[in-house]
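Heads up: numbering here begins at 1 and tracks the sequence. Atoms considered below: every heavy atom in the structure, side chains included; atoms not considered: hydrogens, waters and symmetry mates.
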Amino acid sequence: MQLDKKIKSIINKRTSLHLAKLHLVHLQKRLVEGYKEKQRLEKVLEKEYEDVLKLERLSIGQLFQRILGDKEEQMEIERQEYLQAVLVHKEWLKELKLMQYEKKLLTDQVKALPEVEQEYNYLLELREQEIVTQSGKNKTLMRSYNKQIDGAIELKREIHEAKIVGVKIKKKLEKMVVLLENASDIDDWHSGIFIRKGGKALVQKAQIVFFKLKPLLFDFRTELEDIYKHRKIRLHDGVDKMEEMANMYYDNLISDWIVHRHIQNALTNVKLLQDRLVRTMQSLQVEEKRANKSIIYLNSRKKALILDEIK
């Protein structure tokens, strides 16, 4: 059929371009080494030329003092070494020029790869549509692959949304920790002094952050429930206790040790929540990687199924 011929043709073209791209990568590495060798040969050439000039400037007496043998014979040796260096240098320049020319050809050739890839994917999509409209096991397989891919993409979207909320929670928890630690560091727990030193203002600011944090926590749990439909989520353990703690910061200031205990409890709960958030965000990263791997694998199976159909 006509479509199968087009796919075969684009596969051959695509394979050729990918090989050209691979060759271009190797060629670029060779050129880097080639330029280094060129610099080395230029230094050798310069040295050999200097040896010839030095020998020409020597008198017969100086020559016998420094080396044994006839000056003309030594000159011939030096000239031969210089000539050899010149020839090697010239040959290497030719080699470099050829590599540069080949690089240009390959670079121009590889520029067509994105367009070829686009045409390749388009033709495979057309072939996929043909398969799903036909009868047989391949139709069932293709629909199954598509359904699984759609599920993985939906999972990635839910993970992305959960991570956005998680980042917002992380920032607010960090702010609460700083405020509560500063309040806890005040060394005089007499109520009046504690207030004058700004302790009450710090805890009140922490309360304000907490009240903004609380709806985010429940949004986060909702997002997680969509992702982990069959898993138990423990992120919100202790949230109710934190709410109780927030309500009695200053309602129950009976004595100094109660103030200190409430702030320390609040700080402990916030840090506990931080730890659980970190672990949850890490698990989301793992789930996202799994979803990506699943999509890549399923697409490869789809592509293999399509190519197997080509006669």
Side-chain angles (χ1 to χ4, degrees), residues 153-292:
I153 291 172
E154 176 66 17
L155 176 61
K156 282 186 63 179
R157 185 186 64 79
E158 291 171 348
I159 290 171
H160 178 69
E161 291 176 356
K163 285 168 71 176
I164 290 173
V165 180
V167 169
K168 292 178 181 178
I169 292 172
K170 179 176 178 288
K171 290 179 179 178
K172 293 196 181 304
L173 288 174
E174 288 171 350
K175 191 172 182 180
M176 284 186 72
V177 167
V178 171
L179 291 167
L180 293 173
E181 282 182 340
N182 289 340
S184 181
D185 286 343
I186 295 175
D187 52 5
D188 196 327
W189 286 94
H190 183 275
S191 297
I193 297 174
F194 179 71
I195 291 172
R196 286 197 298 273
K197 287 190 175 182
K200 180 175 181 178
L202 289 169
V203 178
Q204 285 178 332
K205 287 179 181 179
Q207 280 181 277
I208 292 170
V209 177
F210 172 74
F211 290 132
K212 292 179 181 178
L213 168 70
K214 190 175 177 182
L216 289 174
L217 291 173
F218 286 101
D219 287 345
F220 195 50
R221 182 164 68 180
T222 301
E223 297 289 350
L224 292 175
E225 285 171 349
D226 288 338
I227 298 168
Y228 303 100
K229 292 181 175 67
H230 305 293
R231 301 187 188 183
K232 189 175 180 180
I233 299 169
R234 300 189 59 201
L235 178 71
H236 286 265
D237 288 3
V239 171
D240 293 338
K241 291 180 181 178
M242 287 181 65
E243 187 175 8
E244 291 175 12
M245 168 271 299
N247 291 331
M248 64 186 199
Y249 269 139
Y250 287 101
D251 292 340
N252 300 318
L253 294 183
I254 301 171
S255 63
D256 295 344
W257 68 271
I258 290 180
V259 176
H260 185 256
R261 187 190 67 189
H262 288 168
I263 294 174
Q264 289 293 342
N265 287 344
L267 187 55
T268 299
N269 283 330
V270 171
K271 287 184 176 180
L272 179 63
L273 199 55
Q274 267 188 320
D275 291 340
R276 287 179 179 165
L277 176 67
V278 168
R279 290 197 295 272
T280 303
M281 294 291 277
Q282 288 172 343
S283 71
L284 288 176
Q285 286 289 112
V286 171
E287 292 298 329
E288 189 173 33
K289 287 180 180 178
R290 284 178 183 166
N292 285 330

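The backbone N or O of T280 sits less than 3.5 Å from a side-chain atom of S283, completing a donor-acceptor pair.
Atom CD of residue Q264 and atom CG of residue L267 lie 6.0 Å apart, to the nearest 0.5 angstrom. In this structure, L277 CG and Q282 CD are separated by 10.0 Å, a value rounded to the nearest 0.5 Å. How far CG of L273 is from NZ of K172: 13.5 Å, rounded to the nearest 0.5 Å. Rounding to the nearest 0.5 angstrom, the gap separating the CD1 atom in I164 from the CG atom in L216 is 12.0 Å. In this structure, the separation between CD1 on I169 and NZ on K171 is 12.5 Å, given to the nearest 0.5 Å. Atom CG in L180 sits 12.5 Å away from atom NZ in K205 (nearest 0.5 Å).
Using a 4.0 Å cut-off between charged nitrogen and carboxylate oxygen, K163 and E287 do not count as a salt-bridge pair.
Using a 4.5 Å heavy-atom threshold, the side chains of Q285 and M281 count as separate.
The shortest non-hydrogen separation linking E288 to I159 is N-CD1, 3.6 Å. Heavy-atom minimum distance, A162 versus E223: CB-CB, 3.8 Å.
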Practice problem: Dump the intermediate steps for side chain to side chain contact (heavy atoms under 4.5 Å, CB included) on E181 and K271, then the final yes or no. | Solution: CA-CA 11 Å; E181 282 182 340; K271 287 184 176 180; 3.1 Å; yes
